[in-house]
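Everything numeric in this text was worked out from a predicted model, so none of it was measured. Note that ligands are numbered from 1 as they come in the structure, with each ligand's atoms numbered from 1 the same way.
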Amino acid sequence: MILAAKYARENKVPYLGICLGMQISVIEFARSVLDLERANSTEFDAETPDPFVIFMPEGSKTHMGSTMRLGCRRTLFQTPDCITAKLYHNSEYVDERHRHRYEVNPEVVGILEEAGLKFVGKDETGKRMEILELPSHPFYVGAQFHPEFKSRPGRPSALFLGTDRSRD
Ligand SMILES: NC(=O)CC[C@H](N)C(=O)O
């Protein structure tokens, strides 16, 4: 997955990373662009010196079932000037469903953004990263939520339509 994200990023191939796919794109960016070889998620390396993806602080490792962040949550677009806000009909927010325990470490958002990876969607607290984009790339998008949960055959998610159309 890391190599796929790297290939897509470097070769300007459309990329839509969902949930773990978004987390992977953050790890890949940290390793390749920030040169932090051991950057990782604590899900995969509890000892990583550079934890770019971490267990959500309010979660409990001993009660897995009830600690997952599940269901519909609001994502607020941080700017109207991004691919995903436009795909979601220039809305100021989008409500999508979630299913995860790990998240982008809020403490590393600053260095990622300085290096060009932008978090264009956040939750209502501003601490949880929901959507990322790479403005220097024609279509490189990560979503912490699962657009497939509300997507239907006759009414596909804006993110799937956008990924498809980005190849034209
Ligand atoms: N649904 C997923 O892709 C889960 C990703 C990751 N394992 C998490 O819990 O955050």
Side-chain angles (χ1 to χ4, degrees), residues 1-9 13-32 34 36-78 83-84 87-88 93-113 117-134 137 139-152 156-164:
M1 282 182 82
I2 298 264
L3 288 178
K6 184 176 171 69
Y7 183 87
R9 185 177 57 75
V13 173
Y15 179 87
L16 174 61
I18 295 175
C19 201
L20 180 62
M22 167 165 146
Q23 297 169 2
I24 290 290
S25 64
V26 166
I27 296 166
E28 190 283 311
F29 193 88
R31 289 183 184 178
S32 303
L34 301 178
L36 297 170
E37 263 173 46
R38 288 196 57 203
N40 215 330
S41 169
T42 53
E43 184 175 19
F44 308 122
D45 179 2
E47 307 301 321
T48 175
D50 296 301
F52 273 68
V53 177
I54 55 168
F55 192 73
M56 280 183 279
E58 70 268 38
S60 156
K61 286 200 174 172
T62 50
H63 297 89
M64 294 294 268
S66 60
T67 58
M68 193 172 257
R69 184 164 176 254
L70 283 173
C72 194
R73 310 288 174 117
R74 183 152 293 183
T75 292
L76 303 177
F77 288 106
Q78 307 297 301
I83 289 174
T84 44
L87 286 174
Y88 280 109
Y93 64 87
V94 60
D95 295 325
E96 291 279 18
R97 291 176 59 192
H98 293 72
R99 190 179 193 284
H100 65 120
R101 287 193 182 88
Y102 290 80
E103 65 177 336
V104 176
N105 184 351
E107 289 181 11
V108 299
V109 166
I111 51 169
L112 290 167
E113 292 210 319
L117 191 67
K118 301 293 180 196
F119 293 91
V120 299
K122 300 183 184 176
D123 79 340
E124 287 161 308
T125 69
K127 294 206 176 101
R128 194 151 279 152
M129 303 306 121
E130 296 284 5
I131 305 174
L132 65 76
E133 291 187 15
L134 199 54
H137 188 289
F139 192 95
Y140 193 89
V141 172
Q144 186 56 69
F145 54 75
H146 287 265
E148 72 274 25
F149 285 165
K150 286 171 77 175
S151 194
R152 296 292 177 269
S157 162
L159 295 189
F160 297 137
L161 279 178
T163 310
D164 196 38

Taking only heavy atoms of His146, which atoms of ligand 1 are found under 4.0 Å from at least one of them?
1 (N)
N or O contact, Gln144 vs ligand 1, cut-off under 3.5 Å:
no
Please could you name the atoms of ligand 1 that Cys19 approaches to less than 4.0 Å, counting only its heavy atoms?
1 (N), 2 (C), 3 (O), 4 (C), 5 (C)
Could you list the atoms of ligand 1 found under 4.0 angstrom from a heavy atom of Arg101?
8 (C), 9 (O), 10 (O)
Which class fits the ring pair His146 and Phe149: parallel under 30°, tilted 30 to 60°, perpendicular over 60°?
parallel
Give a yes or no answer on whether the side chain of Lys118 reaches the backbone of Glu113 with a donor-acceptor pair at less than 3.5 Å.
yes
Nearest protein heavy atom with distance in Å, relative to atom 7 (N) of ligand 1:
Glu43 OE2, 2.8 Å
Within ligand 1, which atoms have a heavy atom of Arg99 less than 4.0 Å away?
1 (N), 2 (C), 4 (C)
Within-shell test, Met68 vs ligand 1, heavy atom, strictly < 4.0 Å:
no
Can Val94 and Phe77 be said to form a side-chain contact (heavy atoms from CB on, under 4.5 Å), step by step?
CA-CA 8 Å; Val94 60; Phe77 288 106; 4.1 Å; yes
Determine whether a donor-acceptor pair (N or O, by modelled atom type, separation under 3.5 Å) exists between the side chain of Gln144 and the backbone of Glu103.
no
Taking N or O atoms only and a 3.5 Å limit, does Leu20 qualify as a polar contact for ligand 1?
yes
Looking only at non-hydrogen atoms, find the nearest pair between Phe55 and Thr42 and report the distance.
N-OG1, 3.5 Å
Can you tell me which portion of Glu103 lies within the under-4.0 Å heavy-atom range of ligand 1? Options are side chain, backbone, both, or neither.
neither
Considering only non-hydrogen protein atoms, determine which one is nearest to atom 10 (O) of ligand 1 and report residue, atom name and distance to 0.1 Å.
Tyr102 N, 2.8 Å
Could you verify whether a donor N or O on one side chain and an acceptor N or O on the other, from Thr75 and Glu96, lie under 3.5 Å apart?
no
Please work out whether the ring planes of Tyr88 and Phe145 are parallel, tilted or perpendicular, with thresholds of 30° and 60°.
perpendicular
